[in-house]
Peer 1: 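Dropping a structure here in structure tokens format, bear with me for questions.
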Amino acid sequence: MSQKVLELLKAQFGSKILETSSQFGDDTAVVEPSAWREVAQFLRDDSRCAMNMFTDITAVDYPDRDPRFEVVCHLRSFDKGHRIRMKARIGDEYADGLEIASLVPVWEGANWFERECYDMFGVRFVGHPDLRRILMYEEFKGHPLRKDYPAQQTQPLVQYREGVLDKLAPFGADEGMPFGRQTHDISRNEEAN
Amino acid sequence: MEPLDEELEESALELPSEPMQLNMGPAHPAMHGTVRIVLELSGETITKADVQIGYLHRGFEKMCERGTWTQCFPYVDRLNYVSPMLNNVGFALAVEKMLGVTVPERCQYYRVALGELARICDHLVCNGAMAMELGAFTPFLYCARAREIIWDIFEEETGARVTHSFGRVGGMARPPTAMFKDMVRSGLPRLLFMVGETEKLLLKNRIFLDRLEGVGRVSKETAFALGWTGPTLRSTGAAYDVRRAHPYLVYDRMEFDVPVGSAGDNYDRFMCRQEEIRQSVRILEQVLDQMPDSGPVNIDDPRIVLPPKEEVYTTIEGTIQHFKIVMEGVKVPAGECYSYTEAGNGELGFYLVSDGSGTPYRVRIRPPCFAAVAGLQQLIEGAMIPDVIPTFGSMNMIGGECDH
């Protein structure tokens, strides 16, 4: 369906398009991470692609592969009606170098999607105007959708946080919520005993 | 007598002013769904807004990586709990896309019928709640009455009123009941009557209109860049409906219009949803006429669909099949796919990655209202506090879906 776009990309960027594939009717282009934004800009502005509808951006963790993470972006063109998936592979096995250019300057809708991706995988989007956690809270440790984050993992109890309204805490900072998490948090229970 | 301010300097007369911060939510009575909006105000005008979501985060994507593909259905139910059937069908279609199978025709009609009923539910709740938050309580009750008609049908068909978990890979949990068509046929006129009554109450109401018209305006280009789909995008004049642009199931045989707005304000979003209810009713009438009364609902593939219960109890093949599917799950070919359907709020996408086993490697949902709520900030900046309520209402944020 959008084979033409893949051909266009290959002609335009040459070796920066690492591979292209089509599976289950979806067309995918794997892009060199350094050319991420450049390719996105081209896809949006070139009249033959006209990918003006930003659809989705996310990541997948493959702990066994060498660039461990894949950042996946889905796009659609309103006028042409075609879709494309754009991927870039980044990060080593310790999740170092997990950086890629932000797409917010190209599609402003990428803002929250990139924040979510940062929250869940720790992918840092360079040039993002406001990169902070979105679904999790600030004090959350780790990135839950990574494969090495155990699903049963518990998080430390968060201290009472001074709100923006500077409301006084109804209780002291270290005595909030004496119930709840305790039964799951083994180390904490041991301390108490 | 001297005027009081004669001795005072000019500057001392001005009241001290500094921006005020106001928290709306996470549990605000006029916000359906737990969302927190931090507003910075100058008088009653919003100068800065920060929309904070995540209060309903339940780790849907992580949970899906721990069970079989079929075990995801109860989770997808709870994404958009206002129209769970659309999520069920969307997820089933995504897995079927990877398996390369197509469900029988009767099932396709059945899925369209249930999906459209769920869509009507979704729009009724959104518009009703939006009216209620603006002080019009009666229309909300009318909408709830209308929704009751649909929920009765769902209860009869699936056994559950809200979270049905009715979709299956390769079909549905059960075939349509004998009274399905009659129930829908008799329910639709009553439903349309309720919808009409709601409109009569609202659309000549000056208070309601003044708070919708021209508020929360957005242009087509911005809506595209924000990733908006569904009624929020169509209200700006862009006629993009997945059912029309990329027809799935039997939507290519249906005659229906894609309503679009022109201004992209709250009023257009409201009216788009109202009109879509009518179009869904139109689709439902065609489905009832065309849907075959007999024939299989599930595909005939023992590797995907559970065998009938009698076979499980009486034959060894049936027992083994059942065991394999339940314990190991449906084996989905390795690879990745992005499947998209039109849910109540817009394009509901599932990006699935499989490693060839019975457990999903990655399930990514692309929630339509996530993009809509992301755009809320720029809609309300520069507006007044009361404008936040209808604008937020017309985004139709569904917490479960938005927060994953």
Side-chain angles (χ1 to χ4, degrees), chain A residues 1 21 23-26 28 44 51-62 70 72 74-79 81-85 87 104 106-113 115-117 119-120 130 132-137 140 144-147 149-153 163-167, chain B residues 21-23 38 40 50-57 59 61-63 65-66 94 97-100 220-229 233 238-240 245-246 333-340 347 349 351-353 355 361-362 364-367 370-371 373-375 377-378 402-404:
Chain A
M1 194 172 167
S21 61
Q23 193 191 16
F24 306 123
D26 298 351
T28 313
R44 188 194 69 175
M51 298 285 191
N52 53 352
M53 290 175 80
F54 174 79
T55 304
D56 189 22
I57 197 162
T58 184
V60 189
D61 181 6
Y62 299 99
E70 252 179 18
V72 189
H74 290 96
L75 301 169
R76 184 185 185 271
S77 164
F78 178 70
D79 301 315
H82 54 215
R83 288 169 183 271
I84 195 174
R85 178 188 304 141
K87 296 203 288 194
V104 179
V106 188
W107 298 278
E108 49 185 321
N111 189 326
W112 274 28
F113 287 90
R115 273 176 69 186
E116 191 201 336
C117 196
D119 192 356
M120 295 290 142
D130 181 24
R132 61 194 155 112
R133 287 188 181 272
I134 183 165
L135 297 179
M136 294 303 176
Y137 44 94
F140 192 88
L145 278 185
R146 283 190 188 169
K147 291 286 175 192
Y149 185 94
Q152 305 89 329
Q153 175 120 345
V164 283
L165 285 182
D166 283 333
K167 257 199 282 186
Chain B
Q21 272 195 334
L22 182 76
N23 268 316
V38 182
E40 199 180 284
D50 183 32
V51 184
Q52 297 176 359
I53 61 165
Y55 291 93
L56 217 56
H57 179 71
E61 293 170 357
K62 192 83 177 172
M63 285 195 286
E65 292 169 11
R66 306 178 71 204
K97 187 176 172 184
M98 293 183 94
L99 286 165
K220 202 196 230 178
E221 286 69 33
T222 318
F224 280 144
L226 282 170
W228 284 14
T229 45
L233 174 67
Y240 170 62
H246 309 278
E336 52 188 346
C337 94
Y338 180 72
S339 164
Y340 38 92
E347 181 181 314
Y351 172 61
L352 306 178
V353 181
D355 56 355
Y361 188 79
R362 170 107 168 88
R364 155 77 183 166
I365 180 207
R366 188 257 174 214
F370 188 76
V373 178
Q377 181 194 349
Q378 51 171 284
C402 189
D403 301 349
H404 306 264

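All heavy atoms count here, side chains included; hydrogens, waters and symmetry mates do not. Labels below follow one simple rule: chain letters A, B, ... track the order of the sequence lines, proteins then strands, and each chain is numbered from 1.
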Peer 1: With a 4.5 angstrom heavy-atom cut-off, which part of A:R146 approaches chain B: side chain, backbone, both or neither?
Peer 2: backbone
Peer 1: Is a salt bridge present between B:E336 and A:R85, judged by a nitrogen-to-oxygen distance below 4.0 Å?
Peer 2: yes
Peer 1: A:N52 versus chain B, heavy atoms under 4.5 Å apart: side chain, backbone, both or neither?
Peer 2: both
Peer 1: Only counting residues at least two apart or in another chain, list the ones meeting side chain to side chain contact (heavy atoms under 4.5 Å, CB included) with B:K220.
Peer 2: B:F224, B:T236, B:A238
Peer 1: Restricting to non-hydrogen atoms, name the atom on A:F24 and the atom on B:A334 that form the minimum distance, rounded to 0.1 Å.
Peer 2: CZ-O, 4.2 Å
Peer 1: Is B:S339 in contact with chain A via its backbone, its side chain, both, or neither, using a 4.5 Å heavy-atom distance?
Peer 2: neither
Peer 1: Between CG of A:D119 and NE2 of B:H57, what distance do you get to the nearest 0.5 Å?
Peer 2: 7.5 Å
Peer 1: What residues form a ring-ring contact (aromatic ring centres under 6.0 Å, His included) with B:Y55, not counting sequence neighbours?
Peer 2: none
Peer 1: At a 4.5 Å cut-off on heavy atoms, which part of B:L233 comes close to chain A: side chain, backbone, both, or neither?
Peer 2: side chain
Peer 1: Considering only heavy atoms, which portion of B:Q52 lies under 4.5 Å from any heavy atom of chain A: side chain, backbone, both, or neither?
Peer 2: side chain
Peer 1: Test your reading of the model: is there a side-chain donor-acceptor pair from B:Y338 to the backbone of A:I84, 3.5 Å cut-off?
Peer 2: no
Peer 1: Do A:E70 and B:R362 sit within salt-bridge range, that is, some charged N less than 4.0 Å from a carboxylate O?
Peer 2: no
Peer 1: Relative to chain B, which segment of A:V106 carries a heavy atom at a distance below 4.5 Å: side chain, backbone, both, or neither?
Peer 2: neither
